[in-house]
Amino acid sequence: MLSRFAAALVPAFGTLTVTADPGARPAEGSILVANHTSLADPAVVVAALRRYGIEPVIMATGGLWRVPLLGAALRREGHIAVHRGTHRAADCLDAAAVALATGRSVLLYGEGGLPGRRDAGESAPGPFRSGLARLATATGAPVVPVGQAGARRLCSGGRTKQLAGALTAPLRRPGLHVHIGSPLHLPDRVAEATEQARRAVTAAWRTAALSLGEPVSGSVSAWCVPGPRGPRLPGGRPCR
């Protein structure tokens with residue numbers, strides 16, 4: 001239900017476009033990892049994934065389960081609450097492993113939270129937490145990097161600005177873009193796997209941001225993604 005709702009709602013607030021690397025359609029039982037910039041971006045990403053027939057199990061902050069109606073929908077559809085900073089925090093990885101074993105894909109956010117910025121601009125993903133790498137190692141599931149841009153134009157900043165952004169979005173029609181990268185099989189070493197995943201999501205985010213004409217910043221090496229022929233930039237050019 002949530003995927004259908006997002007697919008119907010997001011186009012009312014902005015113009016959503018979706019691209020993917022050649023042959024990058026995620027297989028069943030994949031770990032989908034996206035950059036997190038706004039309260040609105042989960043809806044944007046889920047709406048984009050539904051165009052590929054993917055309705056993932058979402059790993060999200062446990063506070064959402066206390067929201068009336070939304071919490072009931074999350075429980076009913078088997079989404080996974082993340083209780084950060086508690087003794088229950090590790091339970092979410094066990095639940096995600098069960099979902100993957102049944103053939104469902106799992107969507108998570110490697111950064112584990114939202115950026116502290118109040119402006120509506122784009123920026124590269126921050127450091128990733130280790131949960132993604134530990135889940136991939138435990139399950140052997142492929143990891144699919146997903147980059148989104150534009151969601152901060154829908155909702156960012158303090159509460160007043162977020163409300164104003166949501167109310168005016170149907171008139172402003174901000175551009176929203178999601179790019180799906182090629183699947184990765186991460187190495188067993190957690191630190192190396194975490195960094196490889198972050199770089200892949202950064203490359204997917206950069207593709208999404210450039211598709212909207214959004215300025216991006218950072219050194220060239222930040223966009224390099226490991227590959228069989230050495231590190232490559234989006235589009236296949238070698239890093240230098």
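Computed from heavy atoms alone, side chains included, the values below leave out hydrogens, waters and symmetry copies.
Considering only heavy atoms from C-beta on, Leu107 stays 4.5 Å or farther from Val146 through its side chain. A heavy-atom distance below 4.5 Å is found between the side chains of Leu16 and Val44. Side-chain contact between Pro26 and Ile54 is present, with at least one heavy-atom pair separated by less than 4.5 Å. Side-chain contact between Leu2 and His79: present, with at least one pair of heavy atoms (C-beta onward) separated by less than 4.5 Å. A heavy-atom distance below 4.5 Å is not found between the side chains of Val46 and Phe5. Under the 4.5 Å side-chain criterion, counting only non-hydrogen atoms from C-beta, Leu74 is in contact with Leu64.
At least one donor-acceptor pair under 3.5 Å links the side chain of Arg173 to the backbone N or O of Ala12. Within the 3.5 Å criterion, the main-chain N or O of Gly165 finds a donor-acceptor partner in the side chain of Arg172. Looking only at distances, a side-chain donor or acceptor of Asp21 sits under 3.5 Å from a matching main-chain atom of Ser182. Although no hydrogens or angles enter the test, the distance criterion places a donor-acceptor pair under 3.5 Å between the side chain of Ser38 and the main chain of Cys155. Formation of a donor-acceptor pair under 3.5 Å by the Arg152 side chain with backbone atoms of Glu122 is not found in this model. Between the side chain of Thr137 and the backbone N or O of Arg134 there is no donor-acceptor pair closer than 3.5 Å. Proximity of a side-chain donor or acceptor of His179 to a complementary backbone N or O of Ala208 within less than 3.5 Å is not detected.
A donor atom on one side chain and an acceptor atom on the other are found under 3.5 Å apart for Gln148 and Thr37.
Distance OG1/Thr207 to NE2/His177: 7.5 Å, rounded to 0.5 Å.
Minimum interatomic distance between Asn35 and Glu111 (heavy atoms only, all atoms of both residues): CA-OE1, 3.5 Å.
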Report task. Please lay out, stage by stage, how Leu32 and Leu49 fare under the test side-chain contact (heavy atoms from CB on, under 4.5 Å). Result -> CA-CA 10 Å; Leu32 306 160; Leu49 291 173; 3.8 Å; yes

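At a threshold of 4.5 Å between side-chain heavy atoms, the hydrophobic network of Ile, Leu, Val, Met, Phe, Trp and Tyr places Phe128 and Val106 in one connected group.
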